[in-house]
Amino acid sequence: MRFNEINLFGLYVAPIALIMAVAWVAYLVVRRTSDRFGLMQRVWHPALFELSLYVIIVSSIILMIARWSR
């Protein structure tokens, strides 16, 4: 598995930056959905839950990319 820099209009960007941006969009979708159904009211510590949800999404995207790049 190898993550190379991405050339974005002459500026080299680390792939983790793009992965984190994609994960942020996915996180916002999940968060809006959970707010709509009232799932966040059942969580003991909402800030900690949201951070762990974001970390899970980022790591899942990295694992999917690593598996597909074989």
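These values consider heavy atoms only, across backbone and side chains, with no hydrogens, waters or symmetry-generated copies. Bear in mind the structure is a predicted one, so any value in this text is a computation, not a measurement.
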Restricting to side-chain contact (heavy atoms from CB on, under 4.5 Å), what partner residues turn up for L18, sequence neighbours left out? I6, V13
Kindly state each residue pair satisfying ring-ring contact (aromatic ring centres under 6.0 Å, His included) with at least one member in residues 14-33, sequence neighbours excluded. W24-Y27, W24-Y54
Going by side-chain contact (heavy atoms from CB on, under 4.5 Å), name the residues that satisfy it together with I56, two or more places apart in sequence or in a different chain. S60
Residues two or more places apart in sequence or in another chain: which of them pass salt bridge (Lys or Arg N to Asp or Glu O under 4.0 Å) with E50? R31
With a cutoff of under 4.5 Å between side-chain heavy atoms, which Ile, Leu, Val, Met, Phe, Trp and Tyr residues group with L39? F37
Student check: side-chain heavy atoms of I16 and I62 closer than 4.5 Å: yes
At their closest point, which heavy atom of A26 faces which heavy atom of I57, and how far apart are they? CB-CG2, 4.1 Å
If hydrophobic residues (ILVMFWY) are linked whenever their side-chain heavy atoms come closer than 4.5 Å, directly or via other members, who joins V25 in its cluster? none
Here the salt bridge (charged side-chain N to carboxylate O under 4.0 Å, His left out) pairs for residues 53-63, sequence neighbours left out, are none
Got a sec, which residues hit side-chain contact (heavy atoms from CB on, under 4.5 Å) with F9, two or more places apart in sequence or on another chain? none
Salt bridge (charged side-chain N to carboxylate O under 4.0 Å, His left out): pairs with one or both residues in residues 12-21, sequence neighbours excluded: none
Ignoring hydrogens and angles, write down the donor-acceptor pairs under 3.5 Å from the side chains of residues 40-47, residues two or more places apart or on other chains.
residue: H45; atom: ND1; partner: L48; partner atom: N; Å: 3.2

Keeping to residues at least two apart or across chains, list the salt bridge (charged side-chain N to carboxylate O under 4.0 Å, His left out) pairs with something in residues 4-14. none
Any pair counted as salt bridge (charged side-chain N to carboxylate O under 4.0 Å, His left out), so long as it reaches residues 11-22, sequence neighbours left out: none
